[in-house]
Amino acid sequence: AGRAGLVLGADVRRHSGLAFTDALVGMATLAGGVSVGLELPRRGSVMRIVLRGQAGSFDTGKTKSAGSGVTLGISLASRRGR
């Protein structure tokens, strides 16, 4: 309590796809992401800053493509005293 913290995360998703459609809603997906950030406590509140990167491949049955993205997230939380 009262000290800065390190935020780490990782995830992987695999969707097998739907054989009866080549629409985006039925595409097969293999994607993963990692997150790294800091949690900074303040008096009565905490601020969390996280940088997240994701990459994946997508297959509709007719076309294949790849994509990637980066997100910066900032959240603030506070406590109410009684």
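- Under the side-chain contact (heavy atoms from CB on, under 4.5 Å) criterion, Arg42 pairs with Ser45, Met47, not counting sequence neighbours.
- Here Glu39 pairs with Arg48 under the side chain to side chain donor-acceptor pair (under 3.5 Å) rule; sequence neighbours left out.
- Sequence neighbours left out, not one pair with a member in residues 23-35 passes salt bridge (Lys or Arg N to Asp or Glu O under 4.0 Å).
- Take Leu38 and apply the side-chain contact (heavy atoms from CB on, under 4.5 Å) test, not counting sequence neighbours, and it matches Leu40.
- With values rounded to the nearest 0.5 angstrom, Thr60 atom OG1 is found 8.5 Å from Met27 atom CE.
- Annotation: the span from Ser78 atom OG to Arg43 atom CZ amounts to 13.0 Å, rounded to 0.5 Å.
- The salt bridge (Lys or Arg N to Asp or Glu O under 4.0 Å) contacts involving residues 55-78 comprise Asp22-Lys62, where partners must be two or more places apart or lie in separate chains.
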Review item, side-chain donor-acceptor pairs of residues 6-13, under 3.5 Å, at least two apart:
from  : atom 1 : to    : atom 2 : distance (Å)
Asp11 : OD1    : Arg13 : NH1    : 2.9
Asp11 : OD2    : Arg52 : NH1    : 3.1
Asp11 : OD2    : Arg52 : NH2    : 2.6

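- Nearest approach of Leu72 to Ile49, heavy atoms of both residues: CD1-CG2, 4.1 Å.
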